Amino acid sequence: MPDKAPATVTSAMLTAMKRDGEKFACLTAYDASFASVLDAAGVELIMVGDSLGMVMQGHDSTLPVRMMDMIYHGQCVARGCRRALRVVDMPYQSYDTPDEALSNARRLIQEGQAQVVKLEGGTVQAATVRHLVAHGIPVCGHIGLQPQSVRELGGYRVQGRDPEDAQRILADALALQTAGAEMLVVECVPADLGRDITQALDIPVIGIGAGADCDAQVLVLYDMLGITHGKRAKFVRDFMAGAGSVQSAVESYVRAVKTGDYPAPEHCY
């Protein structure tokens with residue numbers, strides 16, 4: 001008899017994996033072909049990130065990305081994805097008020113075929129998260145380094161190095177969980193802060209440059225494949241080197257995340 005088809009991934013499944021101590025793998029994707037490769041390789045969560053503004057459109061930040069871009073790429077990824085959970089970013093200034101956030105989040109789900117929407121910001125976004133959740137919109141938060149706020153943060157810099165800043169970021173994480181976020185991305189923080197956040201929350205914590213103790217890891221697909229323009233971030237590992245194929249590289253990434261081989265100490269702050 002043929003093997004049983006893998007179950008479609010849900011937020012509840014990822015929460016259960018956290019509870020059971022089982023790590024899961026995430027990557028970004030922006031089109032149907034790559035989404036299909038990631039899906040077949042066992043990636044549990046695909047993020048349609050506004051990082052597409054940099055890796056696909058050639059901008060120097062994510063700020064120029066528009067709602068129509070996210071909707072289009074969300075549609076493309078949905079066509080290639082059969083199993084993984086799809087999280088789509090809300091672009092810059094698309095959630096300035098709770099009502100504006102609700103209108104745009106509905107578009108991402110109805111038109112962009114998102115299953116979860118992701119927005120950046122901590123305690124300041126708690127009211128918006130509550131508003132979305134109250135209207136049936138699943139939300140993923142994003143704290144630490146927030147690319148949409150890179151100008152205010154003074155560039156792409158590690159966050160939470162001093163105790164006061166670390167406590168603020170931990171408070172942000174708890175506020176988003178209380179507001180109803182189903183999962184949380186933590187970007188570019190010291191490994192011990194990533195660990196503390198992961199241990200403090202009941203929802204899954206997805207790290208990117210946040211240490212090995214997070215419940216999951218995510219990388220921009222192009223970085224993971226060694227297609228990085230300019231300086232490579234410390235947390236990036238080129239899984240394409242020696243892999244032989246994109247499929248093999250992605251499978252290697254998934255194994256490394258699940259076994260804890262990635263991120264290694266040299267990838268952590």
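Because the structure is a prediction, the values reported are computed rather than measured.
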Which ring pair (Phe, Tyr, Trp, His ring centres under 6.0 Å) pairs, counting each pair once, include a residue from residues 55-83, with sequence neighbours left out? none
Partner set under side-chain contact (heavy atoms from CB on, under 4.5 Å) for Asp162, not counting sequence neighbours: Glu164, Asp165
Kindly assign one of parallel, tilted or perpendicular to the pair Tyr253 and Phe239, based on the angle between their ring planes and the thresholds 30° and 60°. perpendicular
Drop me the distance from Met183's CE to Thr15's OG1, to the nearest 0.5 angstrom. 6.5 Å
So, using ring pair (Phe, Tyr, Trp, His ring centres under 6.0 Å) as the criterion, who are the partners of Phe24 when residues are at least two apart? none
Cluster question for you: counting only ILVMFWY and a side-chain heavy-atom cut-off of under 4.5 Å, with indirect links fine, are Ile46 and Phe34 together? yes
Keeping to residues at least two apart or across chains, list the ring pair (Phe, Tyr, Trp, His ring centres under 6.0 Å) pairs with something in residues 108-137. His131-His135
Could you tell me which residues satisfy side chain to side chain donor-acceptor pair (under 3.5 Å) with Glu187, sequence neighbours excluded, listed by chain and number? His142
Give the minimum heavy-atom separation between Ile143 and Ala173, together with the two atoms involved. CD1-CB, 3.7 Å
Approximate separation, where rounding is to 0.5 Å, of Gln177 CD and Leu184 CG: 9.0 Å
Do side-chain atoms of Ser252 reach the backbone of Ser248 as a donor and acceptor pair under 3.5 angstrom? no
Identify whether Val55 and Met240 are in the same connected component of the hydrophobic contact network (ILVMFWY, side-chain heavy atoms under 4.5 Å). yes
If we only count heavy atoms from C-beta on, is the Met47 to Val185 side-chain gap below 4.5 Å? yes
Where do Gln217 and Phe235 land on the side chain to side chain contact (heavy atoms under 4.5 Å, CB included) test, with the steps shown first? CA-CA 10 Å; Gln217 301 293 327; Phe235 57 79; over 6 Å; no
Who passes side chain to side chain donor-acceptor pair (under 3.5 Å) against Thr28, sequence neighbours left out? Tyr30
Working to the nearest 0.5 angstrom, can you tell me the gap between Asp39 CG and Cys81 SG? 4.0 Å
Closest non-hydrogen atom pair between Ala7 and Arg83, with its separation: O-CG, 3.4 Å
Rounded distance (nearest 0.5 Å) linking atom CZ of Arg161 with atom CD1 of Ile169: 11.0 Å
Are Glu44 and Leu85 close enough that some pair of their side-chain heavy atoms sits under 4.5 Å apart? no
Within the structure provided, determine whether Ile109 and Pro138 are in side-chain contact (heavy-atom separation under 4.5 Å). yes
Considering only distance and modelled atom types, tabulate donor-acceptor pairs under 3.5 Å from the side chains of residues 218-228, sequence neighbours left out.
unit_1, atom_1, unit_2, atom_2, d
Asp223, OD1, Thr228, OG1, 2.9

Of all the heavy-atom pairs spanning Leu176 and Gly122, show the shortest one and how long it is. CD2-O, 3.6 Å
Any residue meeting salt bridge (Lys or Arg N to Asp or Glu O under 4.0 Å) with Arg237, in chain and number order, not counting sequence neighbours: none
Can you tell me how far CG of Asn104 sits from OG1 of Thr97, rounded to the nearest 0.5 angstrom? 9.0 Å
Is the shortest heavy-atom distance from the side chain of Ile71 to the side chain of Arg107 under 4.5 Å? yes
Inter-residue atom distance Leu108.CG - Gln75.CD, 0.5 Å rounding: 10.5 Å
Of all residues at least two apart in sequence or in a different chain, which pass the side-chain contact (heavy atoms from CB on, under 4.5 Å) check with Glu22? Met17, Lys258
Going through the checks in order, is the side chain to side chain contact (heavy atoms under 4.5 Å, CB included) test met by Cys188 and Gln159? CA-CA 6 Å; Cys188 279; Gln159 305 296 303; 5.6 Å; no
Can you give me the closest heavy-atom contact between Gly160 and Ala166, atom names plus distance? O-CB, 3.7 Å
Is it true that atom CE of Met56 has more than 12 heavy atoms of other residues, nucleotides or ligands lying nearer than 6.0 Å? yes
Residue set satisfying side chain to side chain donor-acceptor pair (under 3.5 Å) with Gln247, at least two apart, ordered chain then number -> Glu251
Is there side-chain contact between Glu266 and Lys234, with heavy atoms separated by less than 4.5 Å? no
Looking only at heavy atoms, which two atoms of Val87 and Cys140 are closest? And how far apart? CG1-CB, 4.2 Å
Apply the test side chain to side chain contact (heavy atoms under 4.5 Å, CB included) to residues Glu100 and Thr128: give CA-CA distance (whole Å), side-chain angles for both, the deciding distance (0.1 Å), then the verdict. CA-CA 9 Å; Glu100 184 180 18; Thr128 295; over 6 Å; no
May I ask you to decide if Pro91's main-chain N or O and Asp89's side chain share a donor-acceptor pair within less than 3.5 Å? no
Without placing hydrogens or testing angles, list every side-chain donor-acceptor pair under 3.5 Å for residues 189-215, not counting sequence neighbours.
unit_1, atom_1, unit_2, atom_2, d
Thr198, OG1, Gly194, O, 2.8
Asp215, OD2, Lys18, NZ, 2.7
Asp215, OD2, Val205, N, 2.8

Would you sort out whether Leu145 and Arg157 count as a side chain to side chain contact (heavy atoms under 4.5 Å, CB included), showing the intermediate values? CA-CA 7 Å; Leu145 176 61; Arg157 298 162 54 185; 5.9 Å; no
Quick check: is Val246 connected to Val257 through a chain of hydrophobic side chains (ILVMFWY, heavy atoms under 4.5 Å apart)? yes
Arg86: side chain to side chain donor-acceptor pair (under 3.5 Å) partners, not counting sequence neighbours: none
I'd like to check Leu45 versus Val116 (side-chain heavy atoms, cut-off strictly below 4.5 Å). Are they in contact? no
Polar contact flag, side-chain donor to acceptor under 3.5 angstrom, Asp261-Thr259: yes
Hydrophobic clusters here meaning ILVMFWY residues chained together by side-chain heavy-atom distances under 4.5 Å, can you tell me if Leu27 and Met54 are in one? no
Looking only at non-hydrogen atoms, find the nearest pair between Gln125 and Tyr95 and report the distance. NE2-CE1, 3.6 Å
Val236, Leu52: one ILVMFWY side-chain cluster at the under-4.5 Å cut-off? yes
Can you confirm whether Val88 sits close enough to Val117 that some side-chain heavy atom of one is under 4.5 Å from a side-chain heavy atom of the other? no
